[in-house]
Chemist: 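Submitted below is the structure of interest, expressed as structure tokens.
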Amino acid sequence: MAVLIDGKAVAAELRAQLREAVQQLWQERGIRPGLALLLVGDNPASQVYVRSKARACQEVGFVSIVEHLPATSSQDHVLDYIRRWNADPAIHGILVQLPLPRHIDEHAVLLAIDPRKDVDGFHPENMGRLVLGLPGFVPCTPAGILELLRRYVGPLAGKHVVVVGRSNIVGKPVANLLLQKTPTANAVVTVCHTGAADLVPFTRQADVLIVAMGVARAIRAEHVKEGAVVIDVGINRIVDPETGKERLVGDVHFEEVLPKVSAITPVPGGVGPMTIAMLLWNTYRAATGQIWNR
Ligand code: GUN
């Protein structure tokens with residue numbers, strides 16, 4: 001029987017720990033972590049994510065600000081918010097929900113965030129630190145994946161991890177984290193993507209298969225080695241052909257793959273809740289200055 005990797009439960013545990021740490025931080029140092037969230041436009045998935053992030057802030061005792069700007073907002077207008085939050089000592093973390101509308105240069109916006117408040121870890125300074133193995137903010141979804149692997153799989157040294165997808169948000173950072181020569185990582189990492197004519201020869205080699213391609217149920221039984229661990233990062237809304245109702249599915253065809261794997265993350269309830277838990281912890285670390293003073 002495959003183990004279901006319960007990201008929802010782990011995330012709840014991490015939030016409970018954080019709630020206590022936040023109380024202590026307030027009592028001992030009078031600091032309440034503050035997170036500013038910026039949403040531009042009306043992408044329905046982004047609206048849901050930002051709302052969930054703000055709710056999670058409230059649950060652990062953070063202060064959060066949500067600014068929702070119209071899709072037609074200028075880049076300068078967006079940058080004005082970032083400059084204001086960079087200068088505001090009550091704001092410890094700044095998150096710009098991606099994707100941004102096409103007329104806004106995403107890199108310019110991410111570059112404007114003070115790297116010490118970059119709780120998403122998307123600033124080039126933090127990405128560079130990650131690749132070099134230096135302390136810095138680690139992007140939330142990769143951090144969540146590593147935490148699940150640490151708890152459910154153990155040391156990955158010498159294991160073959162295959163990452164499907166090369167995004168800046170998941171694929172590139174998670175691959176780089178796993179190949180670091182550290183006791184928890186030190187894996188042999190392969191990254192494959194849409195440039196591959198056929199994914200099967202790559203994915204079938206995986207001891208651990210991390211799928212972040214953004215295509216509903218693309219990974220089938222034929223892609224997976226017997227006994228593999230599968231981490232499904234996809235969140236796709238589909239109309240179920242059997243019920244005619246909308247539902248969330250991953251990038252992995254869960255039911256088909258389940259009999260072959262040793263462990264797998266469900267969608268929903270796998271990686272998704274971990275992303276938010278890691279965002280909260282990054283914001284706590286930003287508030288306590290833990291990252292850059294090491
Ligand atoms: N869009 C999809 N995932 C993320 C994320 O982790 N952070 C931000 N800011 N935007 C996203």
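The figures here come from the full heavy-atom set of this structure, side chains too, leaving out hydrogens, waters and symmetry mates.
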Chemist: Can you check whether Val131's main-chain N or O pairs, donor with acceptor, with Gln180's side chain at less than 3.5 Å?
Modeler: yes
Chemist: Please step through side chain to side chain contact (heavy atoms under 4.5 Å, CB included) for the pair Val174 and Leu146, ending with a clear verdict.
Modeler: CA-CA 8 Å; Val174 83; Leu146 259 69; 3.9 Å; yes
Chemist: Do Arg285 and Asn282 have a side chain donor and acceptor closer than 3.5 Å?
Modeler: yes
Chemist: Counting heavy atoms not belonging to Lys8, are there more than 12 under 6.0 Å from its NZ?
Modeler: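 Not buried by this count: 12 neighbours or fewer within 6.0 Å.
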Chemist: Do Val224 and Arg204 come close enough that some side-chain heavy atom pair is under 4.5 Å?
Modeler: no
Chemist: Report the distance from atom CG of Leu199 to atom CG of Leu209, rounding to the nearest 0.5 Å.
Modeler: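 That separation rounds to 9.5 Å.
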Chemist: Any non-hydrogen side-chain atom of Phe122 less than 4.5 Å from a side-chain atom of Met127?
Modeler: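 Of all side-chain heavy-atom pairs linking Met127 with Phe122, at least one is under 4.5 Å.
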Chemist: For Phe202 versus Cys192, what's the shortest heavy-atom pair and its separation?
Modeler: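 Shortest heavy-atom contact: CB-SG, 3.8 Å.
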Chemist: In this structure, which one of Lys245, Glu246, Arg217 forms a side chain to side chain contact (heavy atoms under 4.5 Å, CB included) with Ile238?
Modeler: Arg217
Chemist: Are Arg151 and Glu147 close enough, and set up right, to give a salt bridge (Lys or Arg N to Asp or Glu O under 4.0 Å), and what steps lead you there?
Modeler: CA-CA 6 Å; Arg151 289 176 181 236; Glu147 182 64 19; 2.8 Å; yes
Chemist: Might you work through the side chain to side chain contact (heavy atoms under 4.5 Å, CB included) test for Leu177 and Val138, ending with a clear yes or no?
Modeler: CA-CA 9 Å; Leu177 286 165; Val138 173; 3.6 Å; yes
Chemist: I'd like to know if Ile235 and Ile276 are part of one continuous hydrophobic network [Ile/Leu/Val/Met/Phe/Trp/Tyr, side-chain heavy atoms within less than 4.5 Å].
Modeler: no
Chemist: Using only heavy-atom distances, determine whether the side chains of Arg166 and Thr194 contain a donor-acceptor pair under 3.5 Å.
Modeler: yes
Chemist: Under 3.5 Å, is there a donor-acceptor pair between the side chain of Glu256 and the main chain of Ala221?
Modeler: yes
Chemist: May I ask you to decide if Gly41's main-chain N or O and His68's side chain share a donor-acceptor pair within less than 3.5 Å?
Modeler: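 Yes; at least one donor-acceptor contact below 3.5 Å.
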Chemist: Using atom types as modelled and distance alone, determine if a side-chain donor or acceptor of Asn186 lies under 3.5 Å from a backbone N or O of Thr182.
Modeler: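 Answer holds: no.
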Chemist: Of all heavy-atom pairs between Pro139 and Gly121, which one has the smallest distance, and what is that distance?
Modeler: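 Closest heavy-atom pair between Pro139 and Gly121: CG-O, 3.7 Å.
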Chemist: Verify the neighbour count for atom CZ of Arg237: are there more than 12 heavy atoms of other residues, nucleotides or ligands below 6.0 Å?
Modeler: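 Counting other residues, nucleotides and ligands, CZ of Arg237 stays at 12 neighbours or fewer.
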Chemist: Is there side-chain contact between Ile231 and Val211, with heavy atoms separated by less than 4.5 Å?
Modeler: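 Heavy-atom side-chain distance check fails, nothing below 4.5 Å.
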Chemist: Could you give the distance from CG (Leu111) to CD1 (Ile82), rounded to the nearest 0.5 Å?
Modeler: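 Rounded to the nearest 0.5 Å, the CG-CD1 separation comes to 10.0 Å.
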Chemist: Indicate if Val119 and Ile91 have the same hydrophobic cluster label, given that clusters are the connected sets of ILVMFWY residues with side-chain heavy-atom separations under 4.5 angstrom.
Modeler: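 They do not share one cluster, since no chain of ILVMFWY contacts under 4.5 Å joins Val119 to Ile91.
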Chemist: Closer than 3.5 angstrom, by distance alone: can the side chain of Ser262 be matched with the main-chain N or O of Gly227 as a donor-acceptor pair?
Modeler: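 The answer is yes, because a donor-acceptor pair under 3.5 Å joins these two groups.
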Chemist: Determine, step by step, whether Leu37 and Glu67 satisfy the side chain to side chain contact (heavy atoms under 4.5 Å, CB included) criterion, reporting the C-alpha distance in whole Å, the side-chain angles of both residues, the deciding distance to 0.1 Å, and the verdict.
Modeler: CA-CA 6 Å; Leu37 299 139; Glu67 285 295 342; over 6 Å; no
Chemist: Taking Asp251 for its side chain and Asp232 for its backbone only, find out whether a donor-acceptor pair lies under 3.5 Å.
Modeler: no
Chemist: Is any side-chain heavy atom of Val164 closer than 4.5 Å to one of Thr203?
Modeler: yes
Chemist: What I'd like to find out is whether the side chain of Leu149 reaches to under 4.5 Å of the side chain of Leu156, using heavy atoms alone.
Modeler: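 They are in side-chain contact.
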Chemist: For Asp6 versus Tyr152, what's the shortest heavy-atom pair and its separation?
Modeler: N-OH, 3.1 Å
Chemist: I'd like to know if Val208 and Val189 are part of one continuous hydrophobic network [Ile/Leu/Val/Met/Phe/Trp/Tyr, side-chain heavy atoms within less than 4.5 Å].
Modeler: yes
Chemist: Looking only at heavy atoms, what is the nearest atom pair of Ile5 and Pro266, with distance?
Modeler: O-CD, 3.1 Å
Chemist: Can you tell me how far apart CD (Gln75) and CG (Asp105) are? Round to the nearest 0.5 Å.
Modeler: 5.5 Å
Chemist: Under the side chain to side chain contact (heavy atoms under 4.5 Å, CB included) rule, what do Arg15 and Leu280 come out as? Steps first, then yes or no, please.
Modeler: CA-CA 8 Å; Arg15 288 198 305 275; Leu280 298 172; 3.9 Å; yes
Chemist: Check Thr288, Leu35, Ile94 against Thr283 for a side chain to side chain contact (heavy atoms under 4.5 Å, CB included) and give me the one that passes.
Modeler: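 With Thr283 as partner, Thr288, Leu35, Ile94 yield a single side chain to side chain contact (heavy atoms under 4.5 Å, CB included), made by Leu35.
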Chemist: Check whether Gln47 reaches the backbone of Asp42 with its side chain - one donor and one acceptor, N or O, closer than 3.5 Å.
Modeler: yes
Chemist: Counting distance only, does the side-chain N/O of Asp114 pair as donor-acceptor with the main-chain N or O of Arg116 below 3.5 Å?
Modeler: yes
Chemist: If we ignore hydrogens and angles and just use 3.5 Å, is the side chain of Glu28 paired with the main-chain N or O of Gln23 as donor and acceptor?
Modeler: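 Checking the backbone N and O of Gln23 against the side chain of Glu28, no donor-acceptor pair under 3.5 Å is found.
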Chemist: A side-chain contact here means heavy atoms from C-beta on lying under 4.5 Å apart; do Trp281 and Leu14 qualify?
Modeler: yes
Chemist: Calculate, to the nearest 0.5 Å, the distance between atoms CG and SG belonging to Asp120 and Cys140 respectively.
Modeler: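 Going from CG on Asp120 over to SG on Cys140, the span is 5.0 Å.
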Chemist: Looking at CD of Gln27 and CG of Leu25, how far apart are the two atoms once the value is rounded to the nearest 0.5 Å?
Modeler: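 Those atoms lie 10.0 Å apart.
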Chemist: Tell me whether Asn126 contacts the main-chain N or O of Gly136 through its side chain, where contact means a donor paired with an acceptor under 3.5 Å.
Modeler: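 Absent.
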Chemist: Indicate if Ile31 and Val63 have the same hydrophobic cluster label, given that clusters are the connected sets of ILVMFWY residues with side-chain heavy-atom separations under 4.5 angstrom.
Modeler: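 Different hydrophobic clusters.
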Chemist: Tell me if the CD atom of Glu222 is crowded by more than 12 foreign heavy atoms within 6.0 Å.
Modeler: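 Counting neighbours around CD of Glu222, more than 12 heavy atoms of other residues, nucleotides or ligands fall under 6.0 Å, so yes.
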Chemist: Output the distance between atom CD1 (Ile113) and atom OH (Tyr81), rounded to the nearest 0.5 Å.
Modeler: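 These two atoms lie 15.0 Å from each other.
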Chemist: Do you know the tightest heavy-atom contact between Val22 and Pro33?
Modeler: CG1-CD, 4.2 Å
Chemist: Is the number of heavy atoms from other residues, nucleotides or ligands under 6.0 Å of Gln58 CD greater than 12?
Modeler: no
Chemist: Which heavy atom in Gly270 sits nearest to a heavy atom in Thr265, and how many Å separate them?
Modeler: CA-CB, 4.0 Å
Chemist: Do the side chains of Val170 and Val96 join up, straight or via other hydrophobic residues, at under 4.5 Å, putting them in one cluster?
Modeler: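 They do share one cluster, since a chain of ILVMFWY contacts under 4.5 Å joins Val170 to Val96.
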Chemist: Answer whether the closest heavy-atom distance between the side chains of Lys117 and His92 falls below 4.5 Å.
Modeler: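 Answer no - side chains too far apart.
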Chemist: Is there side-chain contact between Ile210 and Leu178, with at least one heavy-atom pair below 4.5 Å?
Modeler: yes
